[in-house]
There are 2 protein chains.
Amino acid sequence: MNETKTTDADSEIAGTGTLGKAMAVLEAVVTAGGPQRFTDIVQSVGQPRGTVHRLLSHLVEEGLLAQGRDLSYEPGLRLLKLAYRSWSGNRFRDIAEPHLLRLHELTGETVHLGVLQETEIIYVDKVESRQTVRMSSQIGKASPAYCTGIGKAALSSLSQPELLRIAAKTRFHPFTAHTHRSAAGLLAEIDEIRRDGHAFDREEHEAEICCVAAPIFVPEHDLVAGVSVTGPAYRVNMAQLAAWANVVREAAGKIEEEVRMRLGPGRNGR
Amino acid sequence: MNETKTTDADSEIAGTGTLGKAMAVLEAVVTAGGPQRFTDIVQSVGQPRGTVHRLLSHLVEEGLLAQGRDLSYEPGLRLLKLAYRSWSGNRFRDIAEPHLLRLHELTGETVHLGVLQETEIIYVDKVESRQTVRMSSQIGKASPAYCTGIGKAALSSLSQPELLRIAAKTRFHPFTAHTHRSAAGLLAEIDEIRRDGHAFDREEHEAEICCVAAPIFVPEHDLVAGVSVTGPAYRVNMAQLAAWANVVREAAGKIEEEVRMRLGPGRNGR
DNA sequence: AACAGAGTTCCACATAATGGAACTGACTCA
DNA sequence: TGAGTCAGTTCCATTATGTGGAACTCTGTT
């Protein structure tokens, strides 16, 4: 993962010239969720109409956006195609996969693999429980690190200054009654996690959903990640999760080891 | 007919200016599969070293690429994140999903949803058979249209001139013994498919894999797509597939109808 | 007919991209 | 030890590209 020192405190506009602006427009359309009209987009990226118009037509030409008959803009298929290829060529995910499958067999519940990226964790793989209603892929989904099992596990591998930097950057949104509301609580829990080697999510991000997670940390490759086993609170109580902590930690350890082995020294894991 | 091979090799130098060049570099890295060194990249996009170097650093700054300790470049997580959001906000996929689930329940086999994009079909959703060994998401994967069930079904909705244009553009690669080797055979089969309303894949893309597919066509939204039910040849023979043709056609019809209803006139489906 | 609101085009201007060449540093091998 | 090679990085005069305010076109409205 890239740390992007960048001194991101200051204005982030146009650090990357034209590409930066184009990405801002793309992001605006993708983030919006629905189709966006020209004027909406001009609004949300505060750039002049002429500029936005040209950027949009370039993005459409490139297939990153698609334009409908009513002239509205939506994400194009090129993004999916690119993402699929980058995902399927991802060696970290590839190495981890068999371990995720084993973990799923042992527990019967959903297994996640996620990578820390600043204050968020990004899910890069998932083995779904057979009992799950919704089968949708969540790969690429970003969740806050401070209120997810994998997130907290990953944070626990960071050096204290790094952790503090991230914590300072985090906006603590109260998703449920159990969500940390400030850095203090999070930091205290991270201490425990460091001691135990595993983290719990006690319905902190979504009600009725909890998990056990363990960190995967390979500093040589800037890889700060984690695995988790997740289930609905009615089926997996804390005792059950605690009982799984060992296998989760073991899986994480094996992945870590194998990444070190197979990715060699000095390479980049993600 | 005219230029345009597969991706933008050199057909048009830079229709989209800087963005086009940046995307060419990104594509080069993503396509490569493994980590790419600076020199490799310079090679594969025939641009001057200085230029490529700057493009790469912008792409890294934007998070579209990640650079490892050994200076090599890999796809960054930003792509996954963008793709996830564009996928989960996709209304066509959303509308189709329940129909895919139903189809899966009826048949017990893997169900695919794909959109035609020139000579390729891009998978935008999938409901996996419980019996499948590999659970990996194939969303975003691109396969040739001429040798897949969904691809041929989708092609059968096109007007004859459009079809001929695509057929002329297609490179017929002999994946298996049953793959079409030329446009002639494909066009003849498309005629049948138009008559029947459904298409088969008789191990044309992968040995031991076959499917039935039906077209989803909503010209008002420039949507040319298809659904399929796929299985391994040893489990689902042609008779079985033929027996499923009806339910697949029905599902496709319902999706088509619902897209028309819910997306309204003049909007863009994809 | 006048107006408003959305999208598109134009073009003088300046910024940002360009790319050839020079620089650095790590290895190799004689 | 030093010439030789190769990879990555930086420099900077040149100019192609992107910029953005303003004018223009459509469509629909009152």
Side-chain angles (χ1 to χ4, degrees), chain A residues 2 4-6 10-29 32 34-62 64-74 76 222 264-268, chain B residues 8 10 12-29 32 34-62 64-74 220 222 264-268:
Chain A
N2 48 4
T4 47
K5 47 283 310 254
T6 50
D10 51 64
S11 63
E12 57 203 273
I13 307 190
T16 50
T18 307
L19 178 64
K21 278 181 197 153
M23 290 306 296
V25 171
L26 179 58
E27 190 92 24
V29 175
Q36 290 290 99
R37 290 171 320 150
F38 176 67
T39 314
D40 301 333
I41 300 168
V42 169
Q43 282 266 334
S44 57
V45 305
Q47 296 276 336
R49 298 153 58 75
T51 301
V52 173
H53 193 268
R54 181 175 27 79
L55 290 172
L56 282 169
S57 48
H58 284 177
L59 287 164
V60 168
E61 257 184 273
E62 286 294 327
L64 294 168
L65 292 179
Q67 189 166 24
R69 297 270 167 101
D70 68 348
L71 306 182
S72 68
Y73 296 88
E74 285 189 296
D222 300 314
R267 268 299 188 70
N268 179 22
Chain B
D8 36 24
D10 58 49
E12 282 175 50
I13 326 245
T16 51
T18 308
L19 179 63
K21 277 181 198 152
M23 290 305 296
V25 171
L26 179 58
E27 191 92 26
V29 175
Q36 291 288 100
R37 290 171 319 149
F38 176 68
T39 313
D40 301 333
I41 300 168
V42 169
Q43 282 265 333
S44 55
V45 304
Q47 297 275 341
R49 298 154 59 74
T51 301
V52 173
H53 194 268
R54 181 175 30 77
L55 289 172
L56 282 169
S57 46
H58 284 175
L59 288 164
V60 168
E61 255 184 276
E62 285 295 327
L64 294 167
L65 293 179
Q67 190 167 24
R69 298 272 167 101
D70 67 348
L71 304 182
S72 68
Y73 296 89
E74 284 190 296
E220 309 92 281
D222 300 315
R267 270 300 188 67
N268 179 22

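Note that these values count all heavy atoms, side chains included, but never hydrogens, waters or copies made by symmetry. Chain identifiers are assigned alphabetically (A, B, ...) following the order of the sequence lines, protein sequences preceding nucleic acid strands; residue numbering begins at 1 within each chain.
Remark on DNA chain C: of its neighbouring residues R54(B) and G50(A), the 5'-side contact belongs to G50(A), judged by nearest-heavy-atom nucleotide.
In this structure, L19(B) and T18(A) have side chains that are not in contact, with every pair of non-hydrogen atoms separated by 4.5 Å or more. Inter-residue side-chain proximity for L64(B) and M23(A) is flagged as met; some heavy-atom pair is nearer than 4.5 Å.
As a whole-Å value, the separation of L56(A) CG from dT9(C) P is 13 Å. The CD1-C1' distance, from I41(A) to dA6(C), rounds to 13 Å in whole Å. The CG atom of L55(A) sits 12 Å away from the C1' atom of dT17(D) (whole-angstrom rounding). Computed from coordinates, the R49(A) CZ to dT8(C) P distance equals 10 Å when rounded to whole Å. Atom pair Q47(A):CD and dG18(D):C1' shows a separation of 11 Å (rounding to whole Å applied). Spacing between atom CG of L19(B) and atom C1' of dA17(C) amounts to 14 Å, rounded to whole angstrom units. Note: CZ (R69(A)) to P (dA6(C)) measures 23 Å, nearest angstrom. Taking atom CG of L59(A) as the reference point, atom P of dG18(D) lies 12 Å away to the nearest angstrom.
Closest contact between the side chain of F38(A) and the listed nucleotides dG8(D), dT8(C), dG20(C) involves dT8(C). If you check dA6(C), dG20(C), dG20(D) against the side chain of P48(B), the one that comes closest is dG20(C).
Applying the 4.0 Å criterion to OP1 and OP2 of dA16(C), one finds that K21(A) has every side-chain N and O outside that range. Dashed line: the shortest gap from a side-chain N or O of T39(B) to OP1 or OP2 of dG8(D) is under 4.0 Å. T18(B) has no side-chain polar atom (N or O) that falls below the 4.0 Å cut-off from OP1 or OP2 of dA17(C).
Expressed to the nearest 0.5 Å, how far CG of L59(A) lies from CD of E62(A) amounts to 8.0 Å.
Counted by atom type alone, E61(A) and T16(B) present zero donor-acceptor pairs between their side chains at under 3.5 Å.
Here the closest heavy-atom approach between residue Y73(B) and residue Q67(B) is recorded as OH-NE2, 3.1 Å.
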